[in-house]
Amino acid sequence: MGTTMPIKSKRTLEKFRNYYRNVQCNPRNYALIVLGLNSALRIGDILTLRWSDVYNMKKHKYREHISIIEKKTGKKNVLAINASLQEALEFYRRSLEMYEEYSFIFASQKPPYENISRSQAYRIIKKAAESCGLDHCVSCHSLRKTFGYHAWRNGFQPALLMNIYNHSSYEITKKYLCIDQLEKDEVYLKTFL
C-alpha cells in the first residue's frame with residue numbers, strides 16, 4: 001500500500017469532484033467530496049457534521065463558518081464556507097425529501113439514518129477516483145492533501161497551511177504537500193534573477 005497522495009492535475013480534479021454530480025447523480029456523495037476538498041478536515045470530522053453546523057434553519061441560510069473541535073487534536077477549527085461548498089451543500093439539501101436540523105449531513109440512506117462509516121466514505125471516494133483513471137493512492141485523506149497542495153500552488157504560505165491543518169510541526173505540513181521533482185524543476189525554470 002502506497003502513501004496517500006493529493007490530486008494534482010486540475011483537469012483530473014475537476015472530473016473527480018463532479019463524478020457524483022454529472023455521472024452518477026448522487027448529491028450526498030458529491031457534497032461529501034466537495035466538503036472534503038474545500039475544508040481540509042479529516043474524514044472523521046466531516047462525517048460527524050450535522051445540518052445545524054452548516055445551515056441556519058431559522059434564517060434559511062448557510063452559516064459563514066463551520067466551527068468544530070477536531071477529534072484527533074482536540075483543537076478548535078473554524079473554517080469559512082466558500083461558494084463552491086455552499087453550492088454543493090445546497091444541491092444536496094434540495095434533493096432531500098426531509099432532513100432535520102440535528103441530523104447528520106452524510107447520513108445513511110437507510111434507517112436509523114446514522115452517519116455513514118469511514119469505510120463507506122472511502123468506497124465513495126475510491127469509486128470517483130477510479131472513474132477518473134487515478135492510479136496513485138487516493139483515499140479520504142487525499143481530499144485533505146489536495147486542498148493543501150492547490151492552496152500552496154496558488155501562493156498560500158506553508159506556515160498558513162500548517163495552521164489550517166492544526167499540524168504540530170512544519171515538517172508534517174511539508175509532507176502533506178507532496179512536492180515532487182516536477183514542482184522543484186518548475187521553480188528553477190521560472191525563476192530568473
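Note that the structure is predicted; figures quoted are calculated from it, not measured. These numbers come from the heavy atoms of this one structure, side chains and all, not from hydrogens, waters or symmetry mates.
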I'd like to know if the side chain of [X] and the backbone of [Y] have a donor-acceptor N/O pair within less than 3.5 Å.
| X | Y | answer |
| --- | --- | --- |
| Ser142 | Ser139 | yes |
| Lys76 | Ser67 | no |
| Lys8 | Cys178 | yes |
| Asn163 | Leu160 | no |
| Arg63 | Ser52 | yes |
| His150 | Ile7 | yes |
| Thr48 | Asp45 | yes |
| Arg28 | Ala107 | yes |

Criterion side-chain contact (heavy atoms from CB on, under 4.5 Å) on Leu37 and Phe147, from CA distance to verdict: CA-CA 5 Å; Leu37 291 171; Phe147 171 88; 5.9 Å; no
Ring centres under 6.0 angstrom apart (Trp51, Tyr62):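 Ring-ring flag for Trp51/Tyr62: false, centres at least 6.0 Å apart.
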Validation row, ring centre Tyr30 to ring centre Tyr92 under 6.0 Å: no
Lys NZ or Arg CZ of Arg144 over Tyr165 ring: under 6.0 Å, within 45°: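 Ring-cation test returns no.
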Same cluster (ILVMFWY, side-chain, under 4.5 Å), [X] and [Y]:
| X | Y | answer |
| --- | --- | --- |
| Tyr55 | Leu96 | yes |
| Val138 | Val23 | yes |
| Ile81 | Met57 | yes |
| Met162 | Ile172 | no |

Are side-chain heavy atoms of [X] and [Y] found at a separation under 4.5 Å?
| X | Y | result |
| --- | --- | --- |
| Ser84 | Arg17 | yes |
| Leu177 | Leu161 | yes |
| Ser108 | Tyr113 | no |
| Leu143 | Asn38 | no |
| Leu134 | Thr12 | yes |
| Pro158 | Trp152 | yes |
| Arg42 | Lys71 | no |
| Ile105 | Leu32 | no |

Summary of side chain to side chain donor-acceptor pair (under 3.5 Å) pairs that have at least one residue in residues 95-104, sequence neighbours excluded: Arg93-Tyr99
Donor-acceptor side-chain pairing of [X] and [Y] below 3.5 angstrom:
| X | Y | value |
| --- | --- | --- |
| Tyr149 | Glu183 | yes |
| Asn29 | Gln24 | no |
| Asn18 | Glu14 | yes |

Salt-bridge present (Glu171, Lys175; N to O < 4.0 Å): no
Any idea which heavy atoms bring [X] and [Y] closest together, and the distance?
| X | Y | result |
| --- | --- | --- |
| Leu47 | Phe104 | O-CD2, 3.7 Å |
| Ala31 | Leu89 | CB-CD2, 4.5 Å |
| Ile46 | Gly36 | CD1-CA, 3.6 Å |
| Asn77 | Ile164 | ND2-O, 3.5 Å |

Qualifying residues under side chain to side chain contact (heavy atoms under 4.5 Å, CB included), relative to Lys59, sequence neighbours excluded: Asn56, Lys61
About how many Å separate [atom2] of [Y] and [atom1] of [X], when rounded to the nearest 0.5 Å?
| X | Y | atom1 | atom2 | answer |
| --- | --- | --- | --- | --- |
| Glu70 | Lys75 | CD | NZ | 8.0 Å |
| Tyr176 | Thr4 | OH | OG1 | 9.0 Å |
| Phe106 | Ile116 | CZ | CD1 | 7.5 Å |

side-chain contact (heavy atoms from CB on, under 4.5 Å) between Leu79 and Leu41, worked out: CA-CA 9 Å; Leu79 53 122; Leu41 290 173; 3.8 Å; yes
Tell me which donor-acceptor pairs under 3.5 Å the side chains of residues 122-132 have, and how far apart each pair is, sequence neighbours excluded?
{"unit_1": "Arg123", "atom_1": "NE", "unit_2": "Gln120", "atom_2": "OE1", "d": "3.2"}
{"unit_1": "Arg123", "atom_1": "NH2", "unit_2": "Gln120", "atom_2": "OE1", "d": "2.7"}
{"unit_1": "Ser131", "atom_1": "OG", "unit_2": "Ala128", "atom_2": "O", "d": "2.7"}

